[in-house]
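Everything numeric here is computed off the predicted structure, so don't read it as measured data. Keep in mind that the numbers below use all heavy atoms, side chains included, and drop hydrogens, waters and symmetry copies.
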Amino acid sequence: TIGDIEATLKTIRNAGPVICLTGGEPMLHPDYFEIARLIRSMGFFWGMTTNATLIDDETARKLREAGMSTVSVSLDGMERSHDSLRQTDGAWRLAIRGLKALQKAGFEPQVTTVVHQGNFDELEQLYDLLSEMGIRSWRPINVEPIGRACESGDMMLRPEQFARLLRYIRDK
């Protein structure tokens with residue numbers, strides 16, 4: 001509840017941290033913007049990690065007005081592999097729309113990509129797309145052996161792929 005969040009924030013007020021709203025998708029909370037305004041009104045810098053599917057121009061403007069400082073958008077490959085991982089057709093297009101809306105509102109979003117078997121061969125294509133979009137912060141990360149990655153043995157990178165990923169990150 002808003003009251004629970006406010007009470008928690010009061011206990012850390014003097015620590016001066018940056019608050020990161022995350023989830024799942026944090027914007028699904030029915031009181032999301034009220035929580036955001038509360039965090040900012042208490043003097044905290046705040047940001048979020050999002051799939052960006054709920055962000056359009058109007059929402060990006062509201063995020064700016066609510067004082068959001070930082071934003072990281074999950075983009076897990078090109079369209080087919082992203083939608084497959086997210087198990088939602090159209091999620092990639094909505095994420096791209098959200099990224100563009102955030103940029104239009106004056107944010108410099110970071111993009112985080114979980115690298116797995118299904119998108120490993122798309123790294124260069126994704127790098128080119130993000131570069132064309134003017135994204136200056138990209139964080140490719142290795143898929144962790146939790147959740148669906150454990151259930152499906154074909155998601156985890158093989159050792160030689162992981163080594164190639166590290167070299168790719170170093171070289172870029």
Is it true that atom NZ of K172 has more than 12 heavy atoms of other residues, nucleotides or ligands lying nearer than 6.0 Å?
yes
Looking at side-chain heavy atoms only, is the closest gap between D76 and R86 below 4.5 Å?
yes
How far apart are the closest heavy atoms of L99 and M133, and which atoms are they?
CB-CE, 3.9 Å
Output for pair (I169 CD1, R164 CZ), nearest 0.5 Å, gives 12.5 Å
Give the C-alpha distance, both sets of side-chain angles, the deciding distance and a yes or no for side chain to side chain contact (heavy atoms under 4.5 Å, CB included) between V111 and L126.
CA-CA 10 Å; V111 169; L126 187 56; 5.7 Å; no
Tell me whether the count of non-hydrogen atoms from other residues, nucleotides or ligands lying under 6.0 Å of CZ in R64 goes above 12.
yes
Distance-only, no hydrogens or angles: does the D57 side chain make a donor-acceptor pair with backbone N or O of A101 under 3.5 Å?
no
Over all atoms of both residues, closest heavy-atom pair of P26 and T22
CB-O, 3.8 Å
If we only count heavy atoms from C-beta on, is the V115 to Q161 side-chain gap below 4.5 Å?
no
Does D31 reach the side chain of I5, with side-chain heavy atoms less than 4.5 Å apart?
no
In Å and rounded to the nearest 0.5 Å, what is the CE to CG distance from M78 to L123?
11.5 Å
Between CH2 of W138 and CG of L130, what distance do you get to the nearest 0.5 Å?
6.5 Å
Rounded distance (nearest 0.5 Å) linking atom NE2 of H82 with atom OG1 of T88:
8.0 Å
Determine whether E65 and R37 satisfy the following criterion, side chain to side chain contact (heavy atoms under 4.5 Å, CB included), listing intermediate values before the conclusion.
CA-CA 9 Å; E65 290 172 357; R37 284 188 289 277; over 6 Å; no
Looking only at heavy atoms, which two atoms of A52 and A95 are closest? And how far apart?
CB-O, 3.9 Å
Can you tell if the side chain of T113 reaches within under 4.5 Å of the side chain of N119, non-hydrogen atoms only?
yes
Would you check if L165 and L157 make a side-chain contact, meaning some heavy-atom pair closer than 4.5 Å?
yes
Do we see a donor-acceptor contact under 3.5 Å between the side chains of T53 and E25?
no
Find out whether V73 and I135 are in side-chain contact, i.e. whether some heavy atom of one side chain is under 4.5 Å from a heavy atom of the other.
no
Taking M156's backbone N and O only, do any of them form a donor-acceptor pair with Q117's side chain (distance below 3.5 Å, no angle check)?
yes
Output the distance between atom CG (D56) and atom CZ (R61), rounded to the nearest 0.5 Å.
10.0 Å
Is there side-chain contact between L38 and W46, with heavy atoms separated by less than 4.5 Å?
no
Got a donor-acceptor contact below 3.5 angstrom from the W92 side chain to the S84 backbone?
no
Supply the atom-to-atom distance Y32 OH to T59 OG1, rounded to the nearest 0.5 angstrom.
10.0 Å
Candidate list M27, M68, M48, test side chain to side chain contact (heavy atoms under 4.5 Å, CB included), partner L21, passing option:
M48
Heavy-atom closest pair (G118 atom, S81 atom, distance to 0.1 Å) is O-CB, 3.4 Å
When you look at CZ of R136, are more than 12 heavy atoms from neighbouring residues, nucleotides or ligands closer to it than 6.0 Å?
no
What I'd like to find out is whether the side chain of L102 reaches to under 4.5 Å of the side chain of L63, using heavy atoms alone.
yes
Spell out, yes or no, whether L28 and L94 are grouped together once hydrophobic residues are joined by side-chain heavy atoms under 4.5 Å, including indirect joins.
no
Compute both the distance and the angle, then confirm whether R40 meets the cation-pi test with F45: under 6.0 Å from the six-membered ring centre, within 45 degrees of the axis.
yes
